[in-house]
Amino acid sequence: MEHILTTGSSALSTSTRSRTSVVLGFALAASLLAGCAANNPQDPLRPYNRAMFTINRNVDKVVLKPVATGYKNVVPTPMRRGVTNFFGNLGDVWSMANDFAQGHVVEGLNGFMRIGVNTVFGLFGVLDISTEMGLYKQPNDFGLTLARYGVGSGPYFVIPLLGPSTIRDTAGVGVGIYYAPFNYTTNDVAVRNGASVLQLVNARANLLSTTDLLEQIALDPYIFTRDAYLQQRKAQVKAVRSEGVLSPGPMDEGGDYSNGGESASSDAAPDSGVLPPATASQAAQKARLPASRPDAAASAARP
């Protein structure tokens, strides 16, 4: 009997040690991956970026997320979809301009047709009739236009209140804010500012489930967001330098698009070790704060 107990105890101890070794191995591998990601050469401004990332998250946690949650609970889904479509139609104007600036005539004409159909037959874009016709949205911005003509990305940079970017894309955001179509639709500052607030809150409401998931899966939200954003932008730059930004497909119920737009390229930026590269790229597209879109803060840019 003692022999049996001794043998069983020894086997249990061996099994426990084996499981412990496996857990420690995974923990060590995760820490090594995180360490490699933390030393990303595209992030020489990491002390500043981490501090600003934390400030942005706190502002979102204290102000924007609660407001967006209340908005989502009160406003029915069809109305929120209409708001998303309306501002998306305005955003298509800027995307179309960048398509033509990049020399992508087919994508530019696609945008022109989308805007015309949705504006005339979709009640100024409240109804997205173009997508039902197969004229899918072609997201584009001035940062990608700069990249199209050889401007390097520069270091990773977190914009105060606006989210992840690079030095090149920060310049693109500034140009996008100044030339956003809504700046030229009305001279009433109160209307423009109110529309900007509505767009921001509506966009944040569409992202609530995505950002909640990000909080659960990311070992280090800063590293995950940084690496996924850089990877996504590298894939987008590769697309605009060849065949244009890829269509993201039809919109789903949450106001997002079905296939995430761009797939990850084989030479993408280092991954954080949290998700496979392609998944990380798609998550970054949805996880960025809505204010990081050039047209989100546009109406407040002009006096």
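The model shown is predicted, which means the values in this text are computed figures rather than measured ones. Residue indices begin at 1 and follow the sequence shown.
- Atom CG in Leu200 sits 10.0 Å away from atom CG in Leu161 (nearest 0.5 Å).
- Counting heavy atoms from C-beta outward, Gln42 and Pro155 have side chains that stay 4.5 Å or more apart.
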For this session: Report the C-alpha distance between Val197 and Asn193 in whole Å, list the side-chain angles of each, state the deciding distance to 0.1 Å, and finish with yes or no for side chain to side chain contact (heavy atoms under 4.5 Å, CB included).
Result: CA-CA 6 Å; Val197 171; Asn193 290 343; 5.6 Å; no
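- Heavy-atom minimum distance, Leu135 versus Arg114: O-NH1, 2.6 Å.
- If you take OH on Tyr179 and CH2 on Trp94, they are separated by 7.5 Å, rounding to the nearest 0.5 Å.
- Of the possible polar contacts, none joining the Asn40 side chain to the Tyr156 backbone as a donor-acceptor pair under 3.5 Å is found.
- To the nearest 0.5 Å, atoms NZ (Lys72) and OG1 (Thr77) are separated by 7.5 Å.
- A donor-acceptor pair is defined here as one N or O able to donate and one able to accept, closer than 3.5 Å; such a pair exists between the side chain of Asp141 and the backbone of Leu144.
- Within the model, atoms OG1 of Thr69 and CG of Leu208 stand 4.5 Å from one another, a figure rounded to the nearest 0.5 Å.
- Side-chain contact between Thr186 and Arg192: present, with at least one pair of heavy atoms (C-beta onward) separated by less than 4.5 Å.
- The pair Arg81-Asp128 fails the salt-bridge criterion, with no side-chain N (NZ, NE, NH1 or NH2) lying under 4.0 Å from an Asp/Glu carboxylate O.
- A donor-acceptor pair under 3.5 Å is absent between the side-chain atoms of Arg204 and the main chain of Leu64, judged by distance alone.
- Proximity of His104 to Val240: side-chain heavy atoms (C-beta onward) are separated by under 4.5 Å at one or more points.
- In this structure the side chain of Val237 never reaches within 4.5 angstrom of the side chain of Arg148, judged on heavy atoms.
- Under the 4.0 Å criterion applied to side-chain N and carboxylate O atoms, Asp43 and Arg50 are not assigned as salt-bridge partners.
- Here the side chains of Ile115 and Val93 are in contact, with some heavy-atom distance below 4.5 Å.
- Residues Asp60 and Lys65 are not paired through a salt bridge, judged by the lack of any N-O separation under 4.0 Å between the basic side chain and the carboxylate.
- Residues Gln138 and Asp99 are in side-chain contact: their nearest non-hydrogen atoms beyond the backbone lie under 4.5 Å apart.
- Checking Thr145 against Gln102 by side-chain atom types alone, a donor-acceptor pair falls below 3.5 Å.
- Phe100 and Val106 fall into different hydrophobic clusters, defined by Ile, Leu, Val, Met, Phe, Trp and Tyr side-chain heavy atoms under 4.5 Å apart, directly or through other members.
- A donor-acceptor pair under 3.5 Å is absent between the side-chain atoms of Asp92 and the main chain of Gly111, judged by distance alone.
- Between the Arg241 side chain and the Ala147 main chain, a donor and an acceptor come within less than 3.5 Å of each other.
- In terms of modelled atom types and a separation under 3.5 Å, the side chain of Asn58 and the main chain of Thr54 share a donor-acceptor contact.
- Between Pro47 and Pro44, the shortest heavy-atom distance links the atoms CD-O, 4.4 Å.
- Ring-plane geometry between Tyr222 and Phe53 is classed as perpendicular, the angle between the planes exceeding 60 degrees on a 0 to 90 degree scale with a lower cut at 30.
- Note that the CG atom of Leu127 and the OG1 atom of Thr119 stand 11.5 Å from one another [nearest 0.5 Å].
- Put simply, the side chain of Asn49 never gets that close to the backbone of Ile159: no donor and acceptor are under 3.5 Å apart.
- Ser130 OG to Tyr136 OH: the interatomic distance, rounded to the nearest 0.5 Å, is 11.5 Å.
- In this structure, the side chain of Asn118 does not engage the main chain of Gly125 through any donor-acceptor pair within 3.5 Å.
- Lys61 places no side-chain N or O within 3.5 Å of a backbone atom of Asn56 that could act as its donor or acceptor partner.
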Exercise. Can Ser153 and Asp169 be said to form a side chain to side chain donor-acceptor pair (under 3.5 Å), step by step?
Worked result: CA-CA 7 Å; Ser153 67; Asp169 293 337; over 6 Å; no
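- Judged purely by atom type and a 3.5 angstrom limit, Arg80 has no side-chain atom pairing as donor or acceptor with the backbone of Asn202.
- Shown here is Tyr71, whose OH atom has more than 12 heavy atoms of other residues, nucleotides or ligands within 6.0 Å.
- Side-chain contact check for Gln236 versus Gln232: some heavy-atom pair is nearer than 4.5 Å.
- Remark: aromatic rings of Tyr48 and Phe157 are close, center separation under 6.0 Å.
- Between Phe87 and Val83, some side-chain heavy-atom pair lies under the 4.5 Å cut-off.
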